[in-house]
Q: 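To start, I am sharing the structure in question, which I have written as structure tokens.
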Amino acid sequence: NYEFRECIFADCEAGVSLLPPVSWREFVFVQNTFYKCKYGLLVSEQPPASSKGLAFRRNLFVETESFEAYVENGFDYK
């Protein structure tokens with residue numbers, strides 16, 4: 001269980017990058033500030049449908065250059 005609470009991610013390419021191999025269980029991001037990041041959350045591969053435990057709650061994104069959250073490969077718009 002990994003929890004990131006009340007952190008400031010500033011002036012970066014991505015505040016959080018989830019790259020393989022990554023376990024999609026129990027990552028929690030609560031009340032963080034992402035300031036002047038190109039991406040708040042950058043995910044290299046779409047998580048499987050069976051993944052559980054990844055949560056973003058009450059985060060603030062300020063002056064984000066691109067997207068707050070972006071999946072590079074395999075995103076399904078369904």
Q: Please identify each residue that fulfils salt bridge (Lys or Arg N to Asp or Glu O under 4.0 Å) with Glu68, with sequence neighbours left out.
A: none
Q: Are Tyr2 and Leu41 connected, step by step, through hydrophobic side chains (Ile, Leu, Val, Met, Phe, Trp, Tyr) whose heavy atoms are closer than 4.5 Å?
A: yes
Q: Side-chain atoms of residues 27-34: list all donor-acceptor pairs with protein atoms under 3.5 Å, sequence neighbours left out, distances to 0.1 Å.
A:
unit_1 : atom_1 : unit_2 : atom_2 : d
Asn32  : OD1    : Glu6   : N      : 3.2
Asn32  : OD1    : Cys7   : N      : 2.8
Asn32  : ND2    : Phe4   : O      : 3.0
Asn32  : ND2    : Val30  : O      : 3.4
Asn32  : ND2    : Asn59  : OD1    : 3.1

Q: Do the side chains of Val16 and Val71 join up, straight or via other hydrophobic residues, at under 4.5 Å, putting them in one cluster?
A: yes
Q: Atom NZ of Lys36 and atom SG of Cys12: how far apart are they, to the nearest 0.5 Å?
A: 12.0 Å
Q: Check which hydrophobic residues are tied to Tyr70 through side-chain heavy-atom contacts below 4.5 Å, counting indirect links as well, and list them.
A: Tyr39, Leu42, Phe67
Q: So which pairs with a foot in residues 9-19 pass side chain to side chain donor-acceptor pair (under 3.5 Å), sequence neighbours left out?
A: none
Q: Not counting sequence neighbours, which residues clear side chain to side chain donor-acceptor pair (under 3.5 Å) with Glu3? List them please.
A: Arg5
